[in-house]
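Keep in mind that the numbers below use all heavy atoms, side chains included, and drop hydrogens, waters and symmetry copies.
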Amino acid sequence: MLLKNFYKIISLENTADSKYKAVILINEDHDVFKGHFPGNPIMPGVCMMQIIKELTEQITGSSLFMQSLSNVKFMALINPFQTPELLLELDVTITEDNLVKVKNVSYFDETIALKLSSVYRKV
């Protein structure tokens, strides 16, 4: 975990061939939220991207390097005090040339917070 104690994985399960669901709990007391933003904590987008990468590393059992992102859509602000529990749906496929492609949708409650597609290279 790049940011120590930033989040805790509550569950990570394989729901179909390449599909996974993860439930995580964000640590609202983490120092990140003291600066982003004081009095109005919001999950930094780069932290969400890092969480997706780390979950994908756990799923694939490989260290990964982000090669590209596409279709990144931040749809709602995540306030860790109001909605600390997030659901992430991941569709993870490994290509013939050993790249890891991920399609993600992240939710809090019934609200979509983030959609993105990313490609990682194994390192």
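With a 6.0 Å radius and a threshold of 12 heavy atoms from other residues, nucleotides or ligands, Asn40 has its CG atom above the threshold.
One distance of note links OG of Ser117 with NZ of Lys73; it measures 9.0 Å at 0.5 Å rounding. Atom OG of Ser118 sits about 9.5 Å away from atom CE of Met49, to the nearest 0.5 Å. Summarising the geometry, atom CD1 belonging to Ile24 is positioned 6.5 Å from atom CG belonging to Leu55; distances are rounded to the nearest 0.5 Å. How far OG1 of Thr56 is from CG of Leu64: 6.5 Å, rounded to the nearest 0.5 Å. Taken to the nearest 0.5 Å, the OG atom of Ser70 stands 9.0 Å off from the NZ atom of Lys101. One finds the NZ atom of Lys122 at 6.0 Å from the OG1 atom of Thr60 (value rounded to the nearest 0.5 Å).
Checked by atom type and distance alone, the side chain of Asn27 pairs as donor or acceptor with a backbone atom of Asn5 at under 3.5 Å. In this structure, Asn14 contributes its side chain and Lys19 its backbone to a donor-acceptor pair below 3.5 Å.
The hydrophobic clustering, which links ILVMFWY residues whose side-chain heavy atoms are closer than 4.5 Å, places Leu3 and Met43 together. Hydrophobic clustering (ILVMFWY, side-chain heavy atoms < 4.5 Å, transitive): Tyr120 and Leu69 are in one cluster. Hydrophobic clustering, with ILVMFWY side chains joined whenever heavy atoms are under 4.5 angstrom apart, groups Leu114 together with Ile9. Under the 4.5 Å side-chain heavy-atom criterion for ILVMFWY residues, no single connected hydrophobic cluster contains both Phe108 and Leu25. Linking ILVMFWY residues whenever their side-chain heavy atoms come closer than 4.5 Å, directly or via other members, leaves Ile10 and Ile59 in distinct clusters.
With a 4.5 Å cut-off on side-chain heavy atoms, Ile51 and Ile26 count as touching. In this structure the side chain of Val100 never reaches within 4.5 angstrom of the side chain of Ser62, judged on heavy atoms. Here the side chains of Glu13 and Thr15 are in contact, with some heavy-atom distance below 4.5 Å.
A donor-acceptor contact under 3.5 angstrom links the side chains of Thr95 and Asp97, judged on distance only. Side chains of Glu54 and Gln58: a donor-acceptor N/O pair is absent below 3.5 angstrom, by distance only.
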Which atom pairs, one a donor and one an acceptor, fall under 3.5 Å between side chains of residues 75-90 and the rest of the protein, sequence neighbours left out?
from, atom 1, to, atom 2, distance (Å)
Asn79, OD1, Phe81, N, 2.8
Asn79, OD1, Gln82, N, 3.4
Thr83, OG1, Asn79, O, 3.3
Glu89, OE1, Tyr107, OH, 3.4

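Between Phe6 and His30, the ring-plane angle classifies as perpendicular under the 30° and 60° cut-offs.
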